[in-house]
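Atoms considered below: every heavy atom in the structure, side chains included; atoms not considered: hydrogens, waters and symmetry mates. Labels below follow one simple rule: chain letters A, B, ... track the order of the sequence lines, proteins then strands, and each chain is numbered from 1. This structure is a prediction, so every number in the text was calculated from the model and none was measured.
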Amino acid sequence: MSEMKTHYVGARVSRVDAHDKVTGNAVYGVDVDLPGMLYGAVLRSSLPHARITEIDVSGAMKAAGVRAVVTGTDFPFTFGGAVKDQPFLAIDRVRYIGEPVAAVAAETEAEAQEAVEKIRVRYDELPAIFDPREAVKEGAPLIHPDLEHYRRAGHDIVPGTNICTIRTYRLGDVEAGFAGADEI
Amino acid sequence: MKIDIVLTVNDERHQVEVEPQTTLVEFLRGILHLTGTKEGCGTGDCGACTILVDGNPVNSCLMLVADVNGRQVTTIEGLAKDGTLHPLQQSFIENGAVQCGFCSPAMILSAKALLDRNPSAGEDDIKQALSGVLCRCGSYKKIVESVRAVSGSEKGHV
């Protein structure tokens, strides 16, 4: 058997980016500074479940330094893993506290923050669920009433429910195992 | 209505006019473009914004530029001299103390402040000195070992 020569296995190798990180030279996303760059600010839902009845962006559009204001209807596409249920900005309803509802792009960070506070949203509150066990009960409020029409990655949703997919993992004979156990 | 401030940053004197509400971290990052100092929380909880004022570690997000008028500020960019790394920087690299690196400048400066006044600080003193900086990657063990390697209190490679 010939001796295997190792060059990197077992060798002390420094991270390729360690030098930049310890000197402060590493450029993180927030460090990027480009000429003419704009800054974004996001308005988020304060309610866990509600229909959006109106979004008034006129105040933000007039605010100093603002170059664009966007809402969900400007880009009405959804993304996701098993089920593509998540919009970029809430379209017709919000489904969690903190869900992005509108966004502003302005010339400075301060102007973006000021402008976003001028957006007025009207909501019609809906009953909310905070426990997945409540969510699967019959009669639970539907978080996605249109769930069966969403694009999905081959997983079976259960129409008319909040159930995204059902997976069963089973191995062996549990009853026999329990019967033969000293303690469970 | 701007105010006039004179301060030294990494041995360089600056005479500037700033809005009075400008925080030190905003000034360092946004005006001097020294982005090595990070703003993790803006509320003095995470310590990522730690820099040295007259050798003492402070949260730059909680200070106004006005607070450092006439004083000496040291940021991470001021540690290496002519391309030669400070022993702490070298030790962090060699002892695997850097993961995402976001806390590294703050950890290094906090350790520097400690070793400048207590060059052979032991593990407990090191942990105490670094307790103001959070590391979400969980590199604490290697960070402490890196500092111990420089202070000579065992462990790590110098």
Side-chain angles (χ1 to χ4, degrees), chain A residues 6-46 63-68 96-100 102-119, chain B residues 9-10 19 21-23 25-26 28-40 42 48-51 74-81 83-109 111-112 137 139 142-143 146 156-157:
Chain A
T6 59
H7 299 281
Y8 297 105
V9 172
R12 284 182 78 79
V13 182
S14 297
R15 283 185 73 105
V16 294
D17 54 5
H19 189 280
D20 280 343
K21 286 172 174 173
V22 299
T23 53
N25 290 330
V27 179
Y28 294 80
V30 70
D31 299 330
V32 173
D33 188 11
L34 298 169
M37 150 177 156
L38 300 179
Y39 296 80
V42 176
L43 179 70
R44 297 176 178 276
S45 169
S46 52
V66 171
R67 301 281 207 88
Y96 60 96
I97 294 176
E99 180 164 13
V104 167
E107 284 155 22
T108 68
E109 209 175 326
E111 284 168 336
Q113 302 283 4
E114 289 248 8
V116 103
E117 284 163 28
K118 297 189 159 111
I119 300 174
Chain B
V9 180
N10 301 332
E19 295 283 338
Q21 72 276 15
T22 309
T23 63
V25 69
E26 283 169 355
L28 293 170
R29 290 180 53 83
I31 297 171
L32 294 189
H33 300 290
L34 296 170
T35 57
T37 305
K38 308 300 178 195
E39 187 165 16
C49 68
T50 302
I51 48 98
T74 309
T75 71
I76 190 67
E77 291 91 344
L79 247 57
K81 300 288 178 212
T84 307
L85 296 179
H86 186 281
L88 282 166
Q89 290 171 307
Q90 192 61 43
S91 185
F92 266 56
I93 294 173
E94 285 176 3
N95 288 292
V98 182
Q99 289 190 64
C100 81
F102 206 73
C103 77
S104 299
M107 288 288 191
I108 291 167
L109 288 171
K112 178 190 189 305
C137 296
S139 291
K142 297 248 169 125
I143 290 170
S146 301
H157 297 245

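Two residues are said to be in side-chain contact when any heavy atoms from C-beta on lie closer than 4.5 Å; B/I76 and B/Q89 meet this criterion. Contact of the B/N95 side chain with the A/R12 side chain is registered, since non-hydrogen atoms from C-beta on lie closer than 4.5 Å. Taking the side chain as every heavy atom from C-beta outward, B/T75 and B/L32 never approach each other to under 4.5 Å. Between B/E39 and A/V30, the closest side-chain pair of non-hydrogen atoms is not below 4.5 Å. Counting heavy atoms from C-beta outward, B/T74 and B/N10 have side chains that approach closer than 4.5 Å. The shortest distance between side-chain heavy atoms of B/I143 and B/C103 falls below 4.5 Å.
Highest contact tally toward chain B, considering only A/A18, A/A26, A/S14, is held by A/A18 [criterion: heavy-atom pairs under 4.5 Å].
At least one donor-acceptor pair closer than 3.5 Å links the side chain of B/S91 to the backbone N or O of B/S146. With hydrogens and angles ignored, the 3.5 Å screen pairs a side-chain donor or acceptor of A/K21 with a backbone N or O of B/Q99. In this structure, A/D20 contributes its side chain and A/D17 its backbone to no donor-acceptor pair below 3.5 Å.
Using a 4.5 Å cut-off between heavy atoms, A/V27 does not touch chain B at all. Using a 4.5 Å cut-off between heavy atoms, B/S104 touches chain A through its side chain atoms alone. For a residue to count as touching a neighbouring chain, one of its non-hydrogen atoms must lie under 4.5 Å from one of that chain's; by this rule B/L79 does not touch chain A. The part of B/L85 that comes within reach of chain A is its side chain, from C-beta onward, which places non-hydrogen atoms under 4.5 angstrom from that chain. Proximity to chain B (any heavy atom under 4.5 Å) is restricted, for A/D33, to the side chain, taken from C-beta onward. Proximity to chain A is absent for every atom of B/H86, based on heavy atoms less than 4.5 angstrom apart.
By a heavy-atom distance cut of under 4.5 Å, not one residue of residues 104-117 of chain A is near chain B.
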